[in-house]
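Have a look at the structure below, then the notes.
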Amino acid sequence: MVNSGICAGDAMGSINGLVSPPGKRPLFSFGVISDVQYADIPDGHSFLGVPRYYRHSIHVLQRAVQKWNNHQNLNFVINFGDIVDGKCPPGQSLDAVKKVNNEFQKINGPVYHLIGNHCLYNLPRDKLLPLLKIQGLNGLAYYDFSPSPEYRIVVLDGYDISAIGWPQGHSKTLQALEFLEKKNPNSDKNSPSGLLGLDRRFVMFNGAVGREQLEWLDGTLQDATKLKQKVIVCCHLPLDVVASSQEALLWNYDEVMNVIHLYNCVKACLSGHDHKGGYSVDSHGVHHRSFEAALECPPDRDAYGHIDVYDDRLLLFGTDRIQSTEMCFNP
């Protein structure tokens, strides 16, 4: 199945799959995968009863790596977070992270990691970030890079303000706990029970982008605008309610999108976390795509893909559970 828009200059009717624009080569291409959530435990289920295949998920990643390496024209890979599951047996977290990371190391090219809640259930930031070669300042995991002169990739840290991952008495932990106390009356702060509508995002397995990171994002988008660069924003947590369930949204997704909507440079926001996958185009023409989870692939299924980037579109070529998606915009 293909989520498709008609790009300027395209012939109508490529409904059987994505077609690269005639006579054009992508500016760059990159692999995508999300929510591997490997653990050496028997299969289980989510809170909603969706099957989870903890041991099989690493095989999905292995097949993805093989396909990406065979592609030969991929410039890099982005992992959208949650490489191991929170149900990892006690004492096995470090080995599990290393095992999955070793598979990522087999990729012929750079790998850029985002951190998710399940990563932080297993390892604190001071251990996790060096393992994944995330070079953020003061334990933070936001950064940007430019794979071509025309584009910039902006990676957000959705657990900047969070009750997980920081030391117990850290100011960011205390800020998150205070926030949850106000927003979520349940004794189990991971439960959205009784919360209505968009308030269902106020659970402990989500987090927020902090004030300094918001200012950094604003400055980065200003800079990209001056350089006439288009921007792709990546965050483990989704930033649009149409592309995601309410329970999976970043706590302050609205503040982040208010900054993004100040500029015309952001063309797409890519995410994981929600597992079922989703796609939308918001009121400002920004595309939102949350990726289907590798964890939820039974032994005969896969969930990964690659994106070809052009001046006027992103083409996501999905494998199996990841739906191919055409994201068109003004060049």
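Worth saying up front: this structure is predicted, and the values here are computed from it rather than measured.
Aromatic pair His306/Phe317: centroids less than 6.0 angstrom apart.
Minimum interatomic distance between Cys88 and Ala39 (heavy atoms only, all atoms of both residues): SG-CB, 4.0 Å. Taking every heavy atom of both residues into account, Cys265 and Gln229 meet most closely at CB-O, 3.4 Å.
Atom CZ in Phe104 sits 11.0 Å away from atom CD in Gln62 (nearest 0.5 Å). From Asn73, atom CG reaches atom CZ of Phe30 across 15.0 Å, with rounding to the nearest 0.5 Å. Note that OG of Ser93 and NZ of Lys98 are 12.0 Å apart. Values are rounded to the nearest 0.5 Å.
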#### Entry: Steps toward side-chain contact (heavy atoms from CB on, under 4.5 Å) verdict (Asn264, Thr225)
CA-CA 8 Å; Asn264 294 318; Thr225 300; over 6 Å; no
#### Entry: side-chain contact (heavy atoms from CB on, under 4.5 Å) between Ile58 and Glu103, intermediate numbers included
CA-CA 8 Å; Ile58 198 167; Glu103 299 301 327; 4.0 Å; yes
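Between Phe179 and Phe202, the ring-plane angle classifies as perpendicular under the 30° and 60° cut-offs.
Counting only distance, with no hydrogens or angles, the side chain of Trp216 and the backbone of Tyr143 share no donor-acceptor pair below 3.5 Å.
A continuous path of ILVMFWY side-chain contacts below 4.5 Å connects Val36 to Ile107, so both sit in one hydrophobic cluster. Residue Val100 is grouped with residue Tyr121 when hydrophobic side chains (ILVMFWY) are merged at heavy-atom distances under 4.5 angstrom, including chains of intermediate members. Cluster annotation: Ile41 and Leu123 are assigned to distinct hydrophobic clusters (Ile/Leu/Val/Met/Phe/Trp/Tyr, side-chain heavy-atom contacts under 4.5 Å, transitive).
With respect to Arg211 and Glu255, a salt bridge is recorded, a charged nitrogen being found less than 4.0 Å from a carboxylate O. For Arg321 and Glu292, the salt-bridge test fails: no basic side-chain N is under 4.0 Å from an acidic carboxylate O. One finds no salt bridge joining Lys24 and Asp308 here, because no Lys/Arg side-chain nitrogen approaches an Asp/Glu carboxylate oxygen to under 4.0 Å. Using a 4.0 Å cut-off between charged side-chain N and carboxylate O, Glu296 and Arg301 make no salt bridge. One finds no salt bridge joining Arg52 and Asp43 here, because no Lys/Arg side-chain nitrogen approaches an Asp/Glu carboxylate oxygen to under 4.0 Å. With respect to the salt-bridge test (charged N to carboxylate O, under 4.0 angstrom), the residues Asp85 and Lys87 do not qualify.
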